[in-house]
Enquirer: 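The structure follows.
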Amino acid sequence: VHRRNTEDETETEAACFQYLDLTSRSFSAVIKELNPELLMPICLFYLVLRGLDTIEDDMTIDIKEKEPLLRNFSVHMEQDGWTFDKNGPNEKDRELLVHFDSVIVELKKVKKPYYEIIKDITIKMGNGMADYAINAEHNINGINTIDEYELYCHYVAGLVGEGLTRLFVASELANPQLLVRTDLTESMGQMLQKINIIRDVHEDWVDKRRFWPKEIWSQYVNNWDDLFAIENREKALQCSSHMVLNALKHADECLFYMAGIRDQSVFNFVAIPQSMAIATLELVFRNPAIFERNIKITKGDACQLMIESTQNLRVVCDVFRKYIKRIHKKNDPRDPNYLAISTQCGKIEQFIESIFPTQ
Ligand code: PS7
Ligand code: MN
Ligand code: MN
Ligand code: MN
Ligand code: MN
Ligand code: MN
């Protein structure tokens, strides 16, 4: 276990950890336990991207102001004293941007190779977010095809995976082969983001944001809003099953990626969010509540998953196996996606069995 020395910590360093706690539940705990070499770089990487996302998510900021903010965020993160106080009062992470100058001070102390990775990903993500924010604004209806959906997930999560993998390899805490297998890294991000998008569907709908691709939902309802009407609940559930099936295709590549991690603290860092995600996928599967409110796995389940994801790949595979089996069981033969989901679950179960046979 790594312990941060809080005695000779600078004020700005302490502020960064304070904003880390303030802006995240699960990431904060795993970041603070990281190998000291990557502790501060990844804490700052998180805070930079959290700042960017706080601008992206705020629907009270006019697109005319939002677009340049997103595109130039990599410039702002280098400007001494830069802060942003125009987020709406209800934006949950607005404090981070109000005090962003502390993050900027600490960013200047990051080793050059790590800093360049953080900056490169911030440029790419900010531009990707801006493209989609504009597209949604000019409501030619935002995300239409599955390709567009996956490109969005690439910008907001695949790129995070790319940056993190580059940091792990640069610090010699992961197998350099992971840089060659960009498909595995991409799956890690796609899996987390897609499950987030399925779970948050109601919250996003209330905010007038839509991430589910038309190519999928139009097979079940005529209009996006119809998905939330009580009389269409069965159609909506079938549509959510389609979204779950689409997310499930990344599961085996995520397990494969985690096999390439050499350091225990990095393993915990990548495995905990994945375990939480697979448990969340089981929770949202055929669950009508997602169309009414925000749902979350229980604190108890989250604690259990934390313990299980900080051992080794075998235990994480057991976690995946358990939740995939539950999805398999919950699958409904009247659902048009029944056969495909059943096949996909079988494939994942077989894959796990091939690496870690039961007894
Ligand atoms: C740098 C640790 C480990 C290879 C803030 C971790 C939003 C799911 O959609 O606000 O706005 O509701 O709930 C994290 C791959 C990214 C992807 C991404 C940065 C895993 C800003 C997490 C986290 C790659 C863009 C949840 C992607 O936020 O989402 C660091 C490997 C941030 C990871 C966004 C989403 C995170 C997310 P939304 P949330
Ligand atoms: Mn967000
Ligand atoms: Mn967002
Ligand atoms: Mn959100
Ligand atoms: Mn969220
Ligand atoms: Mn979300």
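Just follow the structure's listing: the first ligand is 1, and inside any ligand the first atom is 1. Heavy atoms only: backbone and side chains are in, while hydrogens, waters and symmetry mates are out. Note that the structure is predicted; figures quoted are calculated from it, not measured.
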Enquirer: Is the distance from the ring center of F84 to that of F73 below 6.0 Å?
Expert: no
Enquirer: Determine yes or no for a side-chain-to-main-chain donor-acceptor pair under 3.5 angstrom, with N312 supplying the side chain and V315 the backbone.
Expert: yes
Enquirer: The test is side-chain contact (heavy atoms from CB on, under 4.5 Å); show your working for M40 and F17 and say whether it passes.
Expert: CA-CA 9 Å; M40 213 51 199; F17 285 105; 3.7 Å; yes
Enquirer: For D57, what is the atom name of its N, O or S atom nearest to the Mn ion (ligand 2)?
Expert: OD2
Enquirer: So which N/O/S atom does D200 have closest to the Mn ion (ligand 6)?
Expert: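 Answer by atom name: OD2.
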Enquirer: Give a yes or no on whether E56 keeps an N, O or S atom under 2.8 Å from the Mn ion (ligand 2).
Expert: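 Not a single backbone or side-chain N, O or S atom of E56 is under 2.8 Å from the Mn ion (ligand 2).
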Enquirer: Hey, what else clusters with I123 if you join Ile, Leu, Val, Met, Phe, Trp, Tyr whenever side-chain heavy atoms sit under 4.5 Å?
Expert: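 ILVMFWY cluster around I123 holds nothing else.
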Enquirer: Checking one value in my table: which N/O/S atom of D53 lies closest to the Mn ion (ligand 2)?
Expert: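 It is OD2 of D53.
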